[in-house]
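Only one structure is covered here, and it is reproduced in the block below.
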Protein chains: 4
Amino acid sequence: MRVKDEIKQDAVIEATVALVNEIGFVSSSVSKIAKRAGVSPATIYIYFKNKEDLLVSTYIQIKTCLAQAIMENFDANLPVRDALLQAGTNLYAYISSHSELFYFTEQFANSPYADLVNRDEIEIQFKPLFDLIQYGVDQKIIKDAPFELLFAHLYLPIFSLVNPRMHPDFKATPENIELSMNMAWDAIKL
Amino acid sequence: MRVKDEIKQDAVIEATVALVNEIGFVSSSVSKIAKRAGVSPATIYIYFKNKEDLLVSTYIQIKTCLAQAIMENFDANLPVRDALLQAGTNLYAYISSHSELFYFTEQFANSPYADLVNRDEIEIQFKPLFDLIQYGVDQKIIKDAPFELLFAHLYLPIFSLVNPRMHPDFKATPENIELSMNMAWDAIKL
Amino acid sequence: MRVKDEIKQDAVIEATVALVNEIGFVSSSVSKIAKRAGVSPATIYIYFKNKEDLLVSTYIQIKTCLAQAIMENFDANLPVRDALLQAGTNLYAYISSHSELFYFTEQFANSPYADLVNRDEIEIQFKPLFDLIQYGVDQKIIKDAPFELLFAHLYLPIFSLVNPRMHPDFKATPENIELSMNMAWDAIKL
Amino acid sequence: MRVKDEIKQDAVIEATVALVNEIGFVSSSVSKIAKRAGVSPATIYIYFKNKEDLLVSTYIQIKTCLAQAIMENFDANLPVRDALLQAGTNLYAYISSHSELFYFTEQFANSPYADLVNRDEIEIQFKPLFDLIQYGVDQKIIKDAPFELLFAHLYLPIFSLVNPRMHPDFKATPENIELSMNMAWDAIKL
DNA sequence: GATGAATGAGCCTTCATTCAT
DNA sequence: GATGAATGAAGGCTCATTCAT
């Protein structure tokens, strides 16, 4: 028998991302994805249980890559500020150079499919970062505010700025990114 | 006669918003919207050119309402900080009490339909607010950063925090909102 | 608006019967039925909830016609023998001249769809005949056996003989039918 | 090796019968049969030319078993009546204890596949019984009617009564079976 | 021999839209 | 203006069968 071809599975996921970028989440049908991936529609159902599974798997895979990129060279021994801002810079770098992945996640996250993913599975990858924020709070370096609040002010502006659909006029130059990270820090520092 | 028209048109828009909330953007078909609005599918095509027009119109109407809510009692004569934070508070208040409208816009904005709306038409409503930010920069009250950057740090955290899909654990209490606005101000103030 | 077209609904049912005769129950798809009826597949779903509904409705309609044909000129005042045999003759006459309807019901009855029909709805049409059999038992004209047994020996042989698929060599001449009815009577008479 | 073959082949046939009983002829696909039999779909095509061949083979195998069961201990030297009724009793006994086989044949016989089987191959197994009927006719013990007619009145009622789908209210007790066989004999005896 | 991967065709159903009243 | 009927195209998915190991 033939062996399951991981290359083929990846091709399907890549085609999914590409197609969603081109024609949007709503219009991306299984057969179009299959055509783009160069496989039969039926083949997709060998690798994924159904359309939902395909989309959720694609999302989780992207999010996992993103998490790894953000947490790369994360060093809790650095000064809190430096460690946190490094993550933001990583975030910017990754999204900038993988905008098509980013588009997919944005469309996915704002769809009912989003309710199907296990958030914990993703968030656990940021544990060291979360711990560091808490440490900053404990050390009275960071404001004593709910975690979600701190996180939102730290990373959401950059997360949004990097999205051309939301900010078509923004130029994500290194200078601007640095500016943004400084502003983020000003927001949360005590 | 005129009155009757608008009632029916509004019913369709309301049904659109409600349905997108319930079953999502992807699954909301014209016939389902018609059924929910209590009209014939054909009737929708009297008021809207096609499905795209219906969705875009719904989006613009919501965004217009949102803009009005934000800019309500906006007073450029107040201290810059107070005026800007007031807008943020308005934003929070409106979204909190109209979450179904908010969900629609989030799904819409992350779809290819978003590219069809004239952004200027919406942004012009915020002109006074934008001008005030620029004034703050000129007066060296606010950091000298690109406008998009300032705007993002001012309002995006709250815009995201208020979305339960993104922050299911966040409690949008008045205290937290005030905290958030203060952090936003710390981010942009000089 | 257009008015619902009963002619169209009948065309669909007729096409269903015809197609099942030609290619069998298993191969009769909704789109083939639509093509045969000269309508769009989608049109079928205006008149029937789904494929199951189409098949069940077709079945019930045929069974109703069959019941009417059998019970036509049924006369409980005739001698029991004559009245019961008349029904058998009617059965034979109807099936012979509507074999395509008969084929459909045979295929339907031996499929899981059969479990979906309300048997009572059909059987009630034979009430007078059932009553007469009971009367025959009470009058000691007919054997004192369970109703199902009497019924089976009265009408099942002819029901089967008339089916070319089961009895390709049998010639359903009037003489043979009369012979069969006499044998049926011999079976049940006291 | 040879043994293993037949085990697998039988497993497939058993799975076919079981599945048809559970979900019906229409819904029984090759892959589902394979899964139920614990083999690969491809394996089925080693033992059977195609789906049609699988179904027809299954049918013939069942019919052969049924024929053997009916003709077991058939004794042409007994009085005609006794010999014929014994076969009926055997028929009842076999079907009662192998209802799942019976269901399959009913669904198969009322499908286009039925036209593909060589009837002679099956009927030849009943030769002694057929001969005995003819003998009864010649000896003026049995009515002088076409063979099909005699056969239908002898065995079809019981064949139908034993089918719960057709007679859900009938209790196939030994007493009822004896009653039925007597009625059958009354129908055909001179 | 035996397998699971692979497939184009087809399944049932719903889509966005238009027609006729 | 307003409607439900009507539709070809497309939706997600499974089919019977073959391929490559």
Side-chain angles (χ1 to χ4, degrees), chain A residues 1-6 8-9 26-35 38-55, chain B residues 1-2 4-5 8-9 26-35 38-55, chain C residues 1-6 8-9 26-35 38-55, chain D residues 1-2 4-5 8-9 26-35 38-55:
Chain A
M1 62 138 199
R2 289 186 216 171
V3 75
K4 219 165 192 167
D5 188 351
E6 198 155 325
K8 200 161 282 183
Q9 177 158 3
V26 181
S27 311
S28 293
S29 70
V30 172
S31 49
K32 285 180 191 162
I33 291 171
K35 193 163 289 173
V39 302
S40 161
T43 304
I44 290 185
Y45 290 85
I46 295 171
Y47 295 96
F48 304 95
K49 204 156 51 84
N50 50 30
K51 188 186 183 184
E52 171 186 312
D53 184 30
L54 164 60
L55 295 176
Chain B
M1 184 104 328
R2 196 85 184 83
K4 199 180 174 195
D5 286 0
K8 202 158 278 188
Q9 178 157 3
V26 181
S27 310
S28 295
S29 71
V30 173
S31 349
K32 285 179 189 162
I33 291 171
K35 190 164 289 172
V39 302
S40 162
T43 305
I44 291 184
Y45 288 83
I46 295 170
Y47 295 100
F48 304 96
K49 201 152 56 80
N50 49 30
K51 188 185 185 183
E52 173 186 310
D53 184 28
L54 164 60
L55 295 176
Chain C
M1 59 136 202
R2 289 187 217 170
V3 75
K4 220 164 189 166
D5 189 351
E6 199 155 324
K8 199 159 284 182
Q9 177 158 3
V26 181
S27 311
S28 293
S29 70
V30 172
S31 47
K32 285 179 191 161
I33 291 171
K35 193 163 288 171
V39 301
S40 162
T43 303
I44 290 185
Y45 289 84
I46 295 171
Y47 295 97
F48 304 95
K49 203 155 54 82
N50 48 31
K51 188 186 184 184
E52 171 187 312
D53 184 30
L54 165 60
L55 295 176
Chain D
M1 186 107 323
R2 194 83 184 84
K4 199 180 173 194
D5 287 0
K8 204 158 276 186
Q9 179 159 2
V26 182
S27 310
S28 294
S29 71
V30 173
S31 349
K32 286 178 188 163
I33 291 171
K35 190 163 290 171
V39 302
S40 162
T43 304
I44 290 185
Y45 287 84
I46 294 169
Y47 295 100
F48 305 94
K49 203 154 54 83
N50 49 30
K51 188 185 185 183
E52 172 186 310
D53 184 29
L54 164 60
L55 295 176

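Keep in mind that this is a model prediction, so the values were computed, not measured. Worth knowing before you read on, the calculation uses all heavy atoms, side chains too, and leaves out hydrogens, waters and symmetry mates.
- With hydrogens and angles ignored, no donor-acceptor pair under 3.5 angstrom links the side chain of C/S29 to the base of E/dG10.
- Comparing C/Y45 and B/E52, the nucleotide of DNA chain E nearest to each residue sits closer to the 5' end for C/Y45.
- The side chain of D/T43 places no N or O atom within less than 4.0 Å of a non-bridging phosphate oxygen (OP1 or OP2) of E/dG1.
- For the strand DNA chain F, secondary-structure stems (runs of at least three Watson-Crick or G-U pairs, all distances below 3.5 Å) span E:2-21 with F:2-21.
- Each of C/S28 and A/I46 was matched to the nucleotide of DNA chain E holding its nearest heavy atom; the match closer to the 5' end belongs to A/I46.
- The residue among D/S40 and A/K51 whose nearest nucleotide of DNA chain F lies closer to the 5′ end is A/K51.
- In this structure, the separation between CD on C/Q9 and CD1 on C/I46 is 11.0 Å, given to the nearest 0.5 Å.
- A/Y47 comes within contact range of the sugar-phosphate backbone alone, with a heavy-atom separation under 4.0 Å but no base atom that close.
- Residue D/A34 comes nearest to D/S40 through the heavy atom pair CB-C, 3.9 Å, listed as atom of the first residue, atom of the second, then distance.
- Shortest non-hydrogen contact noted between D/N50 and D/D53 is OD1-N, 2.9 Å.
- Distance, D/F48 CZ to F/dT18 C1': 18 Å, rounded to whole Å.
- The distance from atom NZ of C/K8 to atom CD1 of C/I44, rounded to the nearest 0.5 Å, is 11.5 Å.
- Among E/dC15, E/dA6, F/dG12, the nucleotide with an atom closest to any side-chain atom of C/A42 is E/dC15.
- Side-chain atoms of B/K8 lie closest to F/dA2 of the nucleotides F/dA2, E/dT7, E/dT14.
- Look at CD on A/E6: it is 13 Å from P on E/dA5, rounded to the nearest Å.
- Judged by distance alone, with hydrogens and angles left aside, the side-chain atoms of C/K51 form no donor-acceptor pair with the main-chain N or O of C/V30 at under 3.5 Å.
- Toward the 5' end of DNA chain F, the nearer of the two residues B/G38 and C/P41, judged by each one's closest nucleotide, is B/G38.
- Atoms CG (D/L55) and P (F/dA16) sit 9 Å apart, rounded to a whole Å.
- Between F/dT17, F/dG12, E/dG4, one nucleotide has an atom nearer to the side chain of D/V30 than all others, and that is F/dT17.
- In this structure, B/K32 reaches the sugar-phosphate backbone alone: every heavy-atom distance under 4.0 Å involves primed, P, OP1 or OP2 atoms, never a base.
- The side chain of D/S31 contributes no N or O atom lying less than 4.0 Å from OP1 or OP2 of F/dT14.
- Atom CD1 of B/I44 is separated from atom C1' of E/dC19 by 17 Å (rounded to the nearest Å).
- From C/F48, atom CZ reaches atom CG of C/L55 across 9.5 Å, with rounding to the nearest 0.5 Å.
- Per the geometry, NZ belonging to B/K35 stands 11 Å off C1' belonging to E/dT14, to the nearest Å.
- Straight-line distance from the CD1 atom of A/I33 to the C1' atom of F/dG11: 12 Å, rounded to whole Å.
- Atoms CG (C/D53) and P (E/dC12) sit 14 Å apart, rounded to a whole Å.
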